[in-house]
Amino acid sequence: MIDLHCHILPEMDDGATSYDEAVEMAKSAKKNKIGAVIATPHFVDYDEIDEFIMERNEKIVLLNKILGSLGVGISIGCGAEVYLKSDVFTAGDLNGLTVNGSRYMLCEYSLKPFDIEKAVIYAEEICNRGYVPIIAHPERYISFWKNPEVVNELWDLGCRFQVNVACLAGRGGEQMQEFASNLILRGFVDFLGTDAHSVRGRDNRVLSKIDDFPKEIDERRIEYLTQIAPEKVARNEELEKRDVGYF
Ligand SMILES: [Fe+2]
C-alpha cells in the first residue's frame with residue numbers, strides 16, 4: 001500500500017508528537033504492508049506557506065535519515081492536507097503543497113457543517129490553478145451526508161476522493177461506514193488512506209481493519225484503492241476516466 005494521508009511528522013499538527021513516535025508509526029506502517037507514506041500535515045495558514053513547506057521538508061529529511069539509519073525500510077514523501085477556505089483565492093504559489101510535486105493535492109473541509117456551495121467554489125479554484133484536488137475523507141463531512149449531490153459536483157469539476165481505512169472498517173460508526181462504502185461502490189473513490197495521527201488511537205494498522213470492510217468491497221477494489229491509484233499519483237500520472245453512479 002501507498003498511504004497518501006498520514007500525520008507522521010512530529011510536532012507539525014495534531015499528529016506525531018516526537019521523532020520517536022514518528023518512527024513507531026513508520027514501523028507500524030511497514031508491519032501493515034505500507035511501503036511508502038506521504039506526510040500530509042494539516043495546512044491552514046495561507047499567510048505562512050513558505051514557512052510551512054520549509055519546516056515540513058526539514059522534518060521529512062530528518063525523519064528519512066533516522067528511518068534509514070534504523071533500517072526501517074520505508075520512505076516518507078511530501079504532501080499536505082490543505083484546508084479549503086476563502087483564502088485559496090488570494091493565496092500565493094501552492095505548488096509546494098501537492099503530493100510529491102505532482103498535480104495532486106490532498107484537500108479537506110471542516111468537520112462541522114459548512115456551506116456546500118462555497119465548498120465547491122474553493123475546490124474549483126484549486127482546479128483552476130491546475131491541480132487535481134483529492135478530497136480527504138468525504139465520509140466524515142456531515143454536510144456531505146446531508147447533501148450527497150455535492151459529491152457529483154466535485155466529481156464533475158475533476159476532484160477525486162480518498163476514504164479513511166478506519167471509517168470503512170466501521171470505526172466511525174455505521175452511518176459513516178455506509179456512506180464510505182456507498183461512495184466507493186458508486187465509483188467516486190480512488191484512494192484509501194490511513195489518516196493516522198499516532199501509534200495508538202488514530203493508527204495505521206490497516207491489516208486488521210481490512211477484515212472489517214463491508215464484503216461488497218472486494219480484493220480487486222482494495223488493490224486499486226491502496227496501490228494502483230496511489231502509485232499513479234506518486235508518478236504524477238493521470239487517473240482512469242470512468243462513469244460513476246451519481247447521487
Ligand atoms: Fe488528515
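We use all heavy atoms of the structure for the numbers below, so side chains are in, but hydrogens, waters and symmetry mates are not. Whatever order the structure lists ligands and atoms in, that order sets their numbers, starting from 1. In this text, all values refer to a predicted model and were calculated from it rather than measured experimentally.
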### Task
If the plane angle is over 60° it's perpendicular, under 30° parallel, otherwise tilted; pick one for Tyr141 and Tyr109.
perpendicular
### Task
Measure the acute angle between the ring planes of Phe52 and Phe43, then classify it against the limits of 30° and 60° as parallel, tilted or perpendicular.
perpendicular
#### Entry: hydrophobic_cluster_shared for Ile38 and Leu239, side chain cutoff 4.5 Å
yes
### Message
Does this structure show an ion pair linking Arg242 with Asp190, if we count only N-O contacts that are shorter than 4.0 Å?
### Response
yes
### Task
Inspect the contact between Arg171 and Asp203 and indicate whether a charged nitrogen and a carboxylate oxygen are less than 4.0 angstrom apart.
no
#### Entry: Near the Fe ion (ligand 1) (cut-off under 2.8 Å), count of protein N, O or S atoms
4
### Task
Could you walk me through whether Glu21 and His197 pass side chain to side chain donor-acceptor pair (under 3.5 Å), step by step?
CA-CA 10 Å; Glu21 187 171 21; His197 281 65; over 6 Å; no
